[in-house]
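Structure first, commentary second.
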Number of protein chains: 2
Amino acid sequence: MEREDTLPLLGEVFREFGFEGASLSIIHKQTGIGRGSLYHFFPSGKEEMAAAVLSNIDAWFGREVFKPLAESAEPEVAIDQMFTSVDAYFRSGKRICLVGAFALSDTRDRFAVALSTYFRRWLDALAAALCRVGFAPDRACSLAEEVVTGIQGAIILTRTQQDSVFFERSIERLRAATRIEKT
Amino acid sequence: MEREDTLPLLGEVFREFGFEGASLSIIHKQTGIGRGSLYHFFPSGKEEMAAAVLSNIDAWFGREVFKPLAESAEPEVAIDQMFTSVDAYFRSGKRICLVGAFALSDTRDRFAVALSTYFRRWLDALAAALCRVGFAPDRACSLAEEVVTGIQGAIILTRTQQDSVFFERSIERLRAATRIEKT
DNA sequence: AATGAATTGTACCAATTGGTACAAATCCGG
DNA sequence: CCGGATTTGTACCAATTGGTACAATTCATT
């Protein structure tokens with residue numbers, strides 16, 4: 001096993017137990033990765049692990065979501081695809097957003113830059129795509145915020161109610177809201 | 001100091017450090033409450049403290065938000081007032097929602113009932129008020145979900161961007177969305 | 001097969017954890 | 001001012017924490 005392979009495993013452990021809660025013994029129990037390997041790949045410890053996981057997540061969203069939004073010749077298709085990708089990634093709200101979870105935890109300060117960048121890139125890419133689709137710049141920004149906050153909130157509600165219908169309804173409502181009325 | 005007085009203090013510590021992160025020594029450092037008092041008021045330990053804090057929060061929302069929504073003779077006023085109360089309570093997104101934070105942490109299972117109840121009551125009270133104002137039942141439910149998820153997401157975004165403009169804009173957008181168009 | 005590098009398991013460390021026990025202090029009604 | 005009950009500080013406990021050291025293993029390359 002090499003460094004890159006550990007990131008998805010570590011990510012799931014951090015999702016389930018949080019940064020503090022993911023003790024080395026829990027990480028080992030859940031992933032099979034031992035202390036030796038962990039400190040070989042991440043010499044400065046847990047903080048480096050979580051930072052690498054966040055960076056890995058950021059790269060995934062960049063590739064699968066932000067880049068298509070920015071570069072697709074058909075922005076309306078990229079936006080629609082974004083909702084589908086997000087629904088799959090978060091498993092209809094059953095899988096939490098690690099960035100959002102860290103934002104509400106005491107680890108926020110530690111990873112402040114990564115958390116801020118993730119959402120900043122998402123807002124900017126989506127607002128730009130909405131502009132290209134024909135929304136006025138102000139409306140595009142506002143809509144982008146509505147979508148990003150709506151998704152994060154939907155994950156929370158789905159979690160507390162243990163019912164992914166809340167996530168799915170939110171996604172469809174936001175998807176519809178981003179479709180511009182053809183006049 | 002008596003039990004009731006400790007709840008707001010404990011609440012703030014749990015907000016800042018999370019359930020696991022709020023160690024007894026941190027609680028003592030932040031609140032001045034010592035082990036002796038804590039285990040006198042909460043004999044079964046941290047879990048009882050957090051449960052009491054959640055119940056205290058639930059009572060506050062019941063009194064200040066849910067009850068007015070359900071009982072006010074002018075539901076549109078109660079809805080409008082809800083946004084103002086919520087903005088003050090969450091300090092425009094600078095203060096997190098402990099229920100939402102617990103929902104994304106590994107303590108979710110422990111307090112599952114309290115977390116579920118809090119949001120269930122909020123959704124139901126708001127949807128009922130929206131019905132009374134004239135929205136169709138389906139539309140009222142959907143709007144209530146939009147408001148509750150929007151608020152939770154707005155707290156996350158405000159936290160990561162360290163800018164309460166995201167919370168304030170969300171509140172105003174949601175407030176406007178709940179005003180029915182007079183025909 | 002030999003070699004050097006990358007990977008991994010294990011024993012160990014000081015510090016901190018949640019929790020207990022209990023004596024001292026404080027409070028309040030008579 | 002007295003006396004019982006409530007409240008609090010402190011010393012202590014076993015268990016767990018993140019991290020280190022290092023020898024043993026595994027791996028690719030020749």
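Proteins get letters first, then strands, A, B, ... in listed order; numbering begins at 1 in each.
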With B for base contact, S for sugar-phosphate-only contact and - for none (protein heavy atoms under 4.0 Å), nucleotides 16-23 of chain D reads -SBBB---
Applying side-chain hydrogen bond (donor to acceptor under 3.5 Å, both in side chains) to A/Ser44 and A/Glu48, what does each step give before you reach the verdict? CA-CA 6 Å; A/Ser44 52; A/Glu48 191 178 354; 2.7 Å; yes
Taking the cut-offs as 6.0 angstrom to the six-membered ring centre and 45 degrees off its axis, would you call A/Arg108 and A/Phe102 a cation-pi pair? no
Evaluation steps, side-chain hydrogen bond (donor to acceptor under 3.5 Å, both in side chains), between B/Ser85 and B/Gln81: CA-CA 6 Å; B/Ser85 295; B/Gln81 178 60 39; 3.3 Å; yes
Go through it in stages, so that I can follow the logic: the residues are B/Arg110 and B/Glu47, the test is salt bridge (charged side-chain N to carboxylate O under 4.0 Å, His left out), and I'd like the CA-CA distance, side-chain angles, deciding distance and then a yes or no. CA-CA 8 Å; B/Arg110 233 191 284 245; B/Glu47 186 157 341; 3.2 Å; yes
Measure from the side chain of B/Met1, starting at C-beta and using heavy atoms only, and say which of D/dT7, D/dT8, C/dA6 lies closest. D/dT8
Would you verify whether the NZ or CZ of A/Arg121 falls within 45 degrees of the ring axis of A/Tyr118 while also being under 6.0 Å from that six-membered ring's centre? no
Between A/His40 and C/dT8, is there a contact of a side-chain N or O with OP1 or OP2 at under 4.0 Å? no
Angle separating the five-pair end axes of the helix from C/dA1-D/dT30 to C/dG30-D/dC1, nearest 10°, is 30°
In this structure, are over 12 heavy atoms from other groups packed under 6.0 Å from A/Lys67 atom NZ? no
Rounded to whole Å, the CZ-C1' distance (B/Arg3 to D/dT8) equals 17 Å
To the nearest angstrom, how far is B/His28 atom NE2 from D/dG9 atom P? 7 Å
Keeping B/Arg132 on the side-chain end and B/Ser72 on the backbone end, is there a donor-acceptor pair under 3.5 Å? yes
B/Phe166 ring centre to B/Arg169 NZ or CZ under 6.0 Å, with the angle to the axis within 45°? yes
